[in-house]
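A short worksheet on the structure shown next.
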Amino acid sequence: MVRASEEDREAIRESVRKICAEFPDSYWREVDKTFAYPQAFVDALTKSGYLAALIPEEYGGAGLGIMEAAIILEEINRSPGNGLACHAQMYTMGTLLRHGSEAQKRRYLPKIATGELRLQAFAVTEPDAGSETTRLQTRAVRSGDKYVINGQKIFISRAKQSDLMLLLARTTPYDALKNKTEGLSVFLIDMRSIGGRLDIKPLEMMFNHHTNILFFEDVEIPVDSLIGEEGKGFRYIIDGWNAERILVASEAIGDGRWFVDRAAKYASERVVFGKPIGANQGVQFPIARSYAHVEAAGLMRDTAAAKFDRGEKCGAEANMAKLLASEAAWEAANACLDAHGGYGFAREYDVERKFRETRLYSTAPINNNLVLAFLGQNVLGMPKSY
Ligand SMILES: Cc1cc2nc3c(=O)[nH]c(=O)nc-3n(C[C@H](O)[C@H](O)[C@H](O)COP(=O)(O)OP(=O)(O)OC[C@H]3O[C@@H](n4cnc5c(N)ncnc54)[C@H](O)[C@@H]3O)c2cc1C
């Protein structure tokens, strides 16, 4: 991994800001209104190399650490934009790097780095298995030199904007397992060349997120699509959770800073009863309070990312960062909406769009209840609820 200095990090921030400045409010408003995919933005980010931040240099990436990836996503969300359009590549990279074979890395990573191949879909959730991942039912059955997949996945984002999909599927029936965390396997599927039938049906969501329901009907994939060992997939996915928590926290921090900046500016300019509304403590204090909370979450994120990059245990910090950042972003979103009065609801002010977008971080990729359960049970040692 390339060890970035503070100056390097500032340079990355500045550079991502410059790219984002080419995609103003009006671009994201239009994309949101038409439910379009922000292809031009994703292309610019790919071309800059920042989307390949976590791919090692030997495979054509930038070889940076989680702290730099966090800064990149934070700056995207601090702009009018949103990293949701393309963050999966960063979220899932650890699984491929840690558990993929050398042949898989050589085959895919250089092409992902250049954008020739898109790894933007990560399929875990099912209609009857959300938080309780070990209950998932989509089956992958070995048949000669192939696996045959049948089942359903729900809320799978960007499946239509991706060539590759990381899939968690069951290779041993639940009832046949002694240890219920085994029996799941991770596959890297090239959706351009599968046998059988994969139907991808878009879902209408609260905001522009390209989320789908997937139906697998005798989908055939080559055996070398398996990542690591069969049956160890849940373990591999868990290994990626700290990175994911840190990256989600960073997107929320970016949103939080956007809300605070917009709220403070508007509250300083809008005059009601002969003075700027921000002079009233009823308007000023919620903005100041959410600012403090966003910045505190930022410090927790920094601690988590630093530990992660040093290879130290960071489950507690990564989970706390995700919890604090998603709550702080939501608090800032409400303060910003309140400060804008009725204009907060008008599309042309962009507050309502970001408001809808930032609510996600409390719920997905993992609900804050389960983050609290991790802290309560695994860090503080209290009894388990599940
Ligand atoms: C916009 C969007 C995009 C998504 N993209 C993807 C994607 O690309 N890939 C993917 O695999 N998934 C994706 N998801 C799914 C997301 O990860 C799940 O929604 C999430 O894991 C929760 O699962 P669930 O919705 O089934 O909730 P459930 O598991 O049904 O839980 C419902 C509620 O009960 C709470 N709860 C459950 N058990 C407990 C307990 N023991 N203690 C306290 N509270 C509990 C939960 O915290 C939650 O609040 C996406 C979701 C959304 C909304």
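Each ligand, and each atom within it, is numbered from 1 in the order the structure gives. As the structure is a computational prediction, the values presented were derived from the model and not from experiment.
Counting only heavy atoms of the protein, atom 17 (O) of ligand 1 lies nearest to P365 O, 3.2 Å. Of all protein heavy atoms, the one closest to atom 39 (C) of ligand 1 is L370 CD2, 4.0 Å. Closest to atom 48 (C) of ligand 1 among all protein heavy atoms lies N367 ND2, 3.5 Å. Here the protein heavy atom with the shortest distance to atom 42 (N) of ligand 1 is S385 OG, 4.0 Å. For atom 24 (P) of ligand 1, the closest non-hydrogen atom of the protein is G130 CA, 3.9 Å. Annotation: atom 32 (C) of ligand 1 to nearest protein heavy atom, S131 OG, 4.9 Å. Annotation: atom 7 (C) of ligand 1 to nearest protein heavy atom, F155 O, 2.9 Å. Of all protein heavy atoms, the one closest to atom 9 (N) of ligand 1 is F122 O, 2.7 Å.
One finds no salt bridge joining R135 and D128 here, because no Lys/Arg side-chain nitrogen approaches an Asp/Glu carboxylate oxygen to under 4.0 Å. Taking a cutoff of 4.0 Å between a charged side-chain nitrogen and a carboxylate oxygen, E74 and R13 qualify as a salt bridge. With respect to D25 and R262, a salt bridge is recorded, a charged nitrogen being found less than 4.0 Å from a carboxylate O. For the pair R3 and D309, the salt-bridge criterion is not met [side-chain N within less than 4.0 Å of a carboxylate O].
Heavy atoms of A373 come nearer than 4.0 angstrom to ligand 1 in no pair at all. For I366, the heavy-atom gap to ligand 1 stays at 4.0 angstrom or more.
At a cut-off of 3.5 Å, with distance as the only test, no side-chain donor of D32 or N208 sits close to an acceptor on the other residue. In this model, a donor atom of one side chain and an acceptor atom of the other lie less than 3.5 Å apart for S157 and H209. Under 3.5 Å, the side chains of S162 and R118 contain no donor-acceptor pair of N or O atoms. A side-chain donor-acceptor contact under 3.5 Å links E126 and T138.
In terms of N/O distances under 3.5 Å, ligand 1 is not approached by R158. The N/O atoms of F207, backbone and side chain alike, include none that comes under 3.5 Å of an N/O atom in ligand 1.
Counting only heavy atoms from C-beta outward, the side chains of D239 and R98 approach each other to under 4.5 Å.
Comparing T211, N212, L360 by heavy-atom distance to atom 52 (C) of ligand 1, the nearest is L360. Among N369, L203, T125, L136, the residue whose heavy atom lies closest to atom 18 (C) of ligand 1 is T125.
When ring centroids are compared, F187 and Y147 come within the 6.0 Å threshold.
Contact atoms of ligand 1 toward H209: 1 (C), 3 (C) (distance under 4.0 Å to a heavy atom of the residue). Distances below 4.0 Å separate heavy atoms of I156 from the following atoms of ligand 1: 7 (C), 8 (O), 9 (N), 10 (C), 11 (O). Interface of Y386 with ligand 1, defined as ligand atoms under 4.0 Å from a residue heavy atom, comprises 41 (N).
Within the 4.0 angstrom cut-off, atom 13 (C) of ligand 1 has one or more protein heavy-atom neighbours. For atom 30 (O) of ligand 1, the nearest protein heavy atom is 4.0 Å or more away.
Ring orientation note: the planes of W330 and F355 are tilted relative to one another, at an angle of 30° to 60°.
K153 forms no cation-pi arrangement with F216, by the criterion of a distance under 6.0 Å to the ring centre and an angle within 45° of the ring axis.
With a 4.0 Å cut-off on non-hydrogen atoms, M205 touches ligand 1 through its side chain and not its backbone.
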